[in-house]
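Throughout, a chain's letter reflects where its sequence line sits, starting with A, and its residues are numbered from 1.
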Amino acid sequence: MSNFQEKVWKVTKKIPRGKVATYTAIARKIGHPRSARPVGNALNRNPYRDVPCHRVIRADGSVGGFARGTKAKLNLLKDEGIKIVGHKVRPKYIIT
DNA sequence: CTAATGACCATTA
DNA sequence: ATAATGGCCATTA
């Protein structure tokens with residue numbers, strides 16, 4: 001796997017249950033501040049079970065995509081007690 | 001090497 | 001509110 005991908009997965013693994021981060025924030029953390037899109041691409045191809053890729057959302061708070069479907073992503077977030085209002089995750093759950 | 005593809009983003013219509 | 005558009009950039013073909 002590429003170094004970029006490994007960095008994305010490593011950082012994503014640290015997002016605690018009940019919290020979320022944005023694609024842009026991940027990009028910033030790994031030193032590629034304009035690579036939000038490639039971050040999404042990397043998460044789409046994530047092979048590890050212990051990286052919670054469902055906890056990564058868009059910059060505007062909307063849920064964003066998921067390899068197994070948006071519906072599944074919503075259910076996983078709901079199971080962690082994350083509240084969504086008007087298709088947007090509440091800012092209180094988002095870590096910068 | 002070039003061209004196309006996106007789990008994105010900001011702006012505009 | 002949605003839709004289109006242009007930009008972005010790692011990865012893949």
So, do [X] and [Y] sit near enough that their side-chain heavy atoms are less than 4.5 Å apart?
X: A/Phe66; Y: A/Leu43; value: no
X: A/Pro52; Y: A/Leu76; value: no
X: A/Ile15; Y: A/Ile26; value: yes

Could you list the protein-to-nucleotides 4-10 of chain B atom pairs, N/O on both sides, closer than 3.5 Å?
| from | atom 1 | to | atom 2 | distance (Å) |
| --- | --- | --- | --- | --- |
| B/dG6 | N9 | A/Arg37 | NH2 | 3.3 |
| B/dG6 | N7 | A/Arg37 | NH2 | 2.9 |
| B/dG6 | N2 | A/Asn41 | ND2 | 3.1 |
| B/dG6 | N3 | A/Arg37 | NE | 3.4 |
| B/dG6 | N3 | A/Asn41 | ND2 | 3.0 |
| B/dA7 | OP1 | A/Asn44 | ND2 | 2.8 |
| B/dA7 | N7 | A/Asn44 | N | 3.4 |
| B/dA7 | N7 | A/Asn44 | OD1 | 2.8 |
| B/dA7 | N6 | A/Leu43 | O | 2.8 |
| B/dA7 | N3 | A/Tyr23 | OH | 2.8 |
| B/dA7 | N3 | A/Gly65 | O | 3.1 |
| B/dC8 | OP1 | A/Arg58 | NE | 3.1 |
| B/dC8 | N3 | A/Arg37 | NH1 | 3.4 |
| B/dC8 | N4 | A/Arg37 | NH1 | 2.4 |
| B/dC8 | N4 | A/Arg37 | NH2 | 3.3 |
| B/dC9 | OP1 | A/Thr24 | OG1 | 2.8 |
| B/dC9 | OP1 | A/Ala59 | N | 3.0 |
| B/dC9 | OP2 | A/Ala59 | N | 3.2 |

Quiz item: Can you tell me how far NE2 of A/His87 sits from CG of A/Asp60, rounded to the nearest 0.5 angstrom?
Solution: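 It is 12.0 Å, given to the nearest 0.5 Å.
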Self-check item: ILVMFWY network linking A/Tyr23 to A/Val11, side-chain heavy atoms under 4.5 angstrom
Solution: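 As far as the 4.5 Å side-chain criterion goes, A/Val11 and A/Tyr23 are connected within one cluster.
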Quiz item: Is there a chain of hydrophobic side chains (I, L, V, M, F, W, Y, each step under 4.5 Å between heavy atoms) that links A/Val8 to A/Ile95?
Solution: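 Cluster IDs for A/Val8 and A/Ile95 match.
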Quiz item: According to a 3.5 Å limit on both distances, what stems of 3 or more consecutive Watson-Crick or G-U pairs are formed with DNA chain C?
Solution: B:2-6 with C:9-13, B:8-13 with C:2-7
Practice problem: Just do the side chain to side chain contact (heavy atoms under 4.5 Å, CB included) check on A/Glu6 and A/Trp9 with the steps written out, would you? | Solution: CA-CA 5 Å; A/Glu6 295 292 351; A/Trp9 299 328; 3.7 Å; yes
Exercise. Kindly say if A/Ser35 contacts the phosphate of C/dA10, meaning a side-chain N or O under 4.0 Å from OP1 or OP2.
Key: yes
Quiz prompt | Pairs where residues 63-88 of chain A contributes a residue and the test salt bridge (charged side-chain N to carboxylate O under 4.0 Å, His left out) is met, not counting sequence neighbours | solution = A/Arg55-A/Glu80
Quiz prompt | Value in whole Å for how far the C1' atom of C/dT11 lies from CD of A/Glu6 | solution = 14 Å
Quiz item: Any idea which of C/dA10, C/dC9, C/dT11 is nearest the A/Arg34 side chain?
Solution: C/dC9
